[in-house]
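Reading through the structure tokens given below for one structure.
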Amino acid sequence: MHWRIAEAKQRFSELIHAVTKEPRLIYNRNELVAVVVEAEMFEEFLMWRKQREKFSLADAFKELRQIAAEEDYILEVPSRQDRLNPFADAIDDFSV
């Protein structure tokens, strides 16, 4: 159900009871300005958002670079070498 701000102010108690059934949308001049939800749903949202903000691989590499810089460690990367590629060789055999 949609509520106008003035209506939500006047009937606040009713609004709070109504959110136990479903979230209530609050509008100001036909523009959505707020959503009122029950506390349990909001807590679920906060947990979901926290799970999405988990430590990523990029974060791990950033931390690793920082540790390496602090300990003056230089990672030695061996030079690249070509490897056999049977698939590419097979394509070359079919070239016209």
Whether over 12 other heavy atoms sit under 6.0 Å from Leu46 CG: yes
Ile67 atom CD1, neighbour heavy-atom count above 12 within 6.0 Å: yes
Separation between CG of Asn30 and NE2 of His2, rounded to the nearest 0.5 Å: 9.5 Å
Gap separating the CD1 atom of Ile5 from the CG atom of Asn28, nearest 0.5 angstrom: 3.5 Å
Within-4.5 Å side-chain heavy-atom neighbours: Glu40 and Glu44: yes
CG on Leu15 to CD on Glu7, rounded to 0.5 Å: 9.0 Å
Partner of Trp3 by side-chain contact (heavy atoms from CB on, under 4.5 Å), out of Lys9, Gln10, Glu14: Glu14
Pairing residues for Gln66 by the side chain to side chain donor-acceptor pair (under 3.5 Å) criterion, not counting sequence neighbours: Glu70
Any Ser56 side-chain heavy atom under 4.5 Å of Asp59 side chain: yes
Single-linkage hydrophobic cluster Phe12~Val33, side-chain heavy atoms < 4.5 angstrom: yes
Any residue meeting salt bridge (charged side-chain N to carboxylate O under 4.0 Å, His left out) with Glu22, in chain and number order, not counting sequence neighbours: Arg24
Considering all heavy atoms, the nearest Tyr27-Leu32 contact: CD2-N, 3.3 Å
Within one Ile-Leu-Val-Met-Phe-Trp-Tyr cluster: Phe61 and Tyr73, side-chain cutoff 4.5 Å: no
Salt bridge (charged side-chain N to carboxylate O under 4.0 Å, His left out) against Arg4, all qualifying residues, sequence neighbours excluded: none
Evaluation steps, side-chain contact (heavy atoms from CB on, under 4.5 Å), between Met41 and Phe45: CA-CA 6 Å; Met41 182 180 287; Phe45 165 75; 5.8 Å; no
Common cluster, Ile16/Ile26, ILVMFWY with side-chain heavy-atom separation under 4.5 Å: yes
Joint cluster assignment, Phe87 & Leu84, ILVMFWY side-chain distance < 4.5 Å: no
